[in-house]
Amino acid sequence: MAEALAGIIQRPGRSVLTMLGTVLGVGAFVAILGLTATASGQIGHQFTVLAATTVTITTSTTTDGADTGQSTGADETGEGTGLSDFPADADQRITRLNGAVAAGVWWPVNFNNVPIIGTSPTTQSGSSADIGSTTKVFAASPGLLPAIQALPTHGVLFDAFHDARGEPVCVIGRALSQRLGITQLDTQPALFINGTAFTVIGIIGDTAQLPEMLLGVIIPRGTAERFYGSPGSSGGAQMLIHTQLGAAKLIARQAPLALRPDNPAALAVVPPPDPHSLRDKVSTDLTGLFLVLATICLIIGTVGIANTTFVAVLERTGEIGLRRALGARSRHIASQFLAESVALGLLGGMLGTSLAVATVITVALVQGWTAILDPMTVAPAPFIGAATGLLAGLYPALRAARIEPQEALRR
C-alpha cells in the first residue's frame, strides 16, 4: 500500500485525470439514487394530498340487465328535473358519508349547434365578440365548486338557493373574465348564451381539480335543466368527491349504494390510484434511465484506470526487472500494481460519493424538500469505485507479473 500511494502521489496530475471517470461514475450513481428517492418522496406527498382525496363517479356502460339510461325524475326524452343515474339530492347523500368533505355532479352542457356567447344580447355568431366556439358551458351542482376547491376572487359562488330556483346566474374563471373585460361585479355584468342573460355572480381564480372550468362558464345544475334539459342517458354527467385523507377507498365503496340503492351497478367508481404504486413507477423510470449514464461513466473510469496502469507498467519495466532481480516474485509485482489501481478507484469512489451527497442535500435545500439518502446506497459506493479499480488493474498487473528480470533489465 505504501508503494501504491507513493506511485499515485508521484504523478498527481495523471492520478487525478485517471480518477475522474470513477468520480463521475460513482457520484452519478449515488446522486441519481438520492435525487430519485427525494423527488419520488415529494411526488408521493403531493399526490397523496391532491389525487388521493378525489373519487370520481361516472355512468357505468354496462349493468346487470338494467338500462343505465333511465333518468331519475326525468321523462322519456331526457328532459326534466333529474339526472340520469344521479338523484337530485346526490350532493347531500355523499356528504352524509363519514369522510366525505364535499361532492358535486357536473357535465358539459350539450347544445345542438355552437352556442353564441357574449356580453351583449346582440352578439352575432362568428363575430369577434362571440366566444361560443372556444368556450364551454358546464352545469354543476352547488357542491361541485367546494369539491374542486374553487377560490373566488370576486363575488360569491352559487348555492342551493340558485340551484333549486333555476336562477340564471353563472360563475366564470379569471382567465375568461379578463378575456371578456369583466373585472368587477358591482354593476352585475351578464353573459348572454343564445340570447339568454346569465348574471355573473362570481369569478374564481384557481381550482385544485378540473382546471378546464377556469376557461368555461359554470351554471347551476337546476338552471341547466331548466333551460337545456337533463343530460339524459350517457350524457357525460359525473360526480367528483373530495374526501378526507385516507377515506377515499371507503367512500369509493359506499358511494354507489348511497346514490343508487336500487341499482348500484349503474355507477362506475374511479378511486384514486395507490400513491405507493405511482412513487415506485416514478422511481423505477427515473432510476433505470439515469443509471445507464452512471454505468457508462463507470466504464469510462474503468478504461481510464486500466489505460493508466498499463502505461505505468511499460514506463516502469526497469523498476520491475530490478525488483525481480532482488527477489520479488510475480505475485508481489501483481499485488503492487493491483494495489495502485484499487487505491485510485477507492479514492475516486470516496470523492464521487462526497460530491453526490453534497449535490442531493443542496438540491433538496433549494427546492425546500426533505433529502432522502439510503445508507445502503451511500455506504457501498466507495467500494464500487474500489471494485472498478480492481477490475481495471487485473490485466496490467498480470502483464507486469509476466515480465522476466533479464528482459526488463535490458530495457
Side-chain angles (χ1 to χ4, degrees), residues 46-59 72 82-83 85-109 137-167 169-174 201-225 231 236-261 264 267-273 275:
Q46 297 267 357
F47 180 83
T48 301
V49 172
L50 293 177
T53 57
T54 302
V55 176
T56 302
I57 301 179
T58 61
T59 300
T72 304
L83 300 175
D85 298 317
F86 288 103
D89 61 342
D91 296 12
Q92 291 77 16
R93 292 191 184 194
I94 295 299
T95 53
R96 283 197 293 264
L97 298 177
N98 187 27
V101 177
V105 178
W106 70 280
W107 72 93
V109 176
V137 179
F138 298 99
S141 61
L144 181 74
L145 296 178
I148 64 176
Q149 302 175 51
L151 301 176
T153 58
H154 295 83
V156 297
L157 306 177
F158 56 75
D159 54 25
F161 172 81
H162 301 97
D163 179 60
R165 291 175 55 89
E167 293 290 330
V169 296
C170 68
V171 172
I172 61 176
R174 181 169 54 188
I201 62 172
I203 299 174
I204 54 178
D206 195 12
T207 63
Q209 302 287 344
L210 303 180
E212 61 269 23
M213 290 199 172
L214 295 173
L215 300 175
V217 180
I218 310 171
I219 62 177
R221 176 191 63 182
T223 304
E225 292 174 339
Q238 56 184 291
M239 170 172 271
L240 187 143
I241 306 172
H242 177 54
T243 72
Q244 295 178 0
L245 189 59
K249 291 186 177 180
L250 175 64
I251 297 299
R253 291 195 301 267
Q254 295 177 345
L257 189 61
L259 292 171
R260 289 293 304 272
L267 301 175
V269 181
V270 183

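Computed from a predicted structure; not experimentally measured.
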So, for P264 and L257, which heavy atoms are closest and what is the spacing to 0.1 Å?
CG-CD1, 3.7 Å
Side chains of Q209 and T54 only: does a donor on one sit below 3.5 Å from an acceptor on the other?
yes
I'd like to know if the side chain of T56 and the backbone of L240 have a donor-acceptor N/O pair within less than 3.5 Å.
no
Between Q244 and N98, is there a side-chain heavy-atom distance shorter than 4.5 Å?
no
Can you confirm whether I57 sits close enough to L259 that some side-chain heavy atom of one is under 4.5 Å from a side-chain heavy atom of the other?
yes
Interatomic distance, CG@L97 vs CD1@I251, rounded to 0.5 Å, equals 4.5 Å
What I'd like to find out is whether the side chain of L210 reaches to under 4.5 Å of the side chain of L144, using heavy atoms alone.
yes
Measure from the side-chain N and O atoms of R96 to the backbone N and O of A258, and report whether any donor-acceptor pair falls under 3.5 Å.
no
Are any non-hydrogen side-chain atoms of W106 and I218 less than 4.5 angstrom apart?
no
Give the minimum heavy-atom separation between P256 and L267, together with the two atoms involved.
CA-CD1, 4.2 Å
Applying side chain to side chain contact (heavy atoms under 4.5 Å, CB included), run through V101 and I241 and close with a yes or a no.
CA-CA 8 Å; V101 177; I241 306 172; over 6 Å; no
Decide yes or no for V269 and V55: does some side-chain heavy atom of the first lie under 4.5 Å from some side-chain heavy atom of the second?
yes
Side-chain touch F138/V109, heavy atoms, less than 4.5 angstrom
no
Using the side chain to side chain contact (heavy atoms under 4.5 Å, CB included) rule, take M213 and T207 through it: C-alpha gap first, then chi angles, then the decisive distance, then the call.
CA-CA 8 Å; M213 290 199 172; T207 63; 5.6 Å; no
Kindly indicate whether the side chain of R174, heavy atoms from C-beta on, has any atom under 4.5 Å from the side chain of L214.
no
Locate the shortest heavy-atom distance separating A255 from I94; write the atom from each residue and the value.
CB-CD1, 3.8 Å
Within this structure, what is the NE2-CD1 distance for the pair H162 and I219, rounded to the nearest 0.5 Å?
13.5 Å
What heavy-atom pair brings A237 and W107 nearest, and what distance separates the two atoms?
CA-CB, 3.6 Å
Under a 3.5 Å distance rule, please check whether S141 uses its side chain to pair with a backbone N or O of G104 as donor and acceptor.
no
To the nearest 0.5 Å, tell me how far R221 CZ sits from F86 CZ.
11.0 Å
Please determine whether the number of non-hydrogen atoms from other residues, nucleotides or ligands lying under 6.0 Å from atom CZ of R93 exceeds 12.
yes
d(I172 CD1, L215 CG) to nearest 0.5 Å is 11.0 Å
Looking at CD of Q238 and OG1 of T58, how far apart are the two atoms once the value is rounded to the nearest 0.5 Å?
6.5 Å
Taking side chain to side chain contact (heavy atoms under 4.5 Å, CB included) as the test, write out the residues that go with T223, two or more places apart.
F198, P220, F227
Heavy-atom donor-acceptor pair, D163 side chain to G222 backbone, under 3.5 Å
yes
Evaluate the side-chain proximity of E167 to F158: yes if any heavy-atom separation is below 4.5 Å, no if none is.
no
Could you go step by step and tell me if I204 and V171 meet the side chain to side chain contact (heavy atoms under 4.5 Å, CB included) rule?
CA-CA 7 Å; I204 54 178; V171 172; 3.8 Å; yes
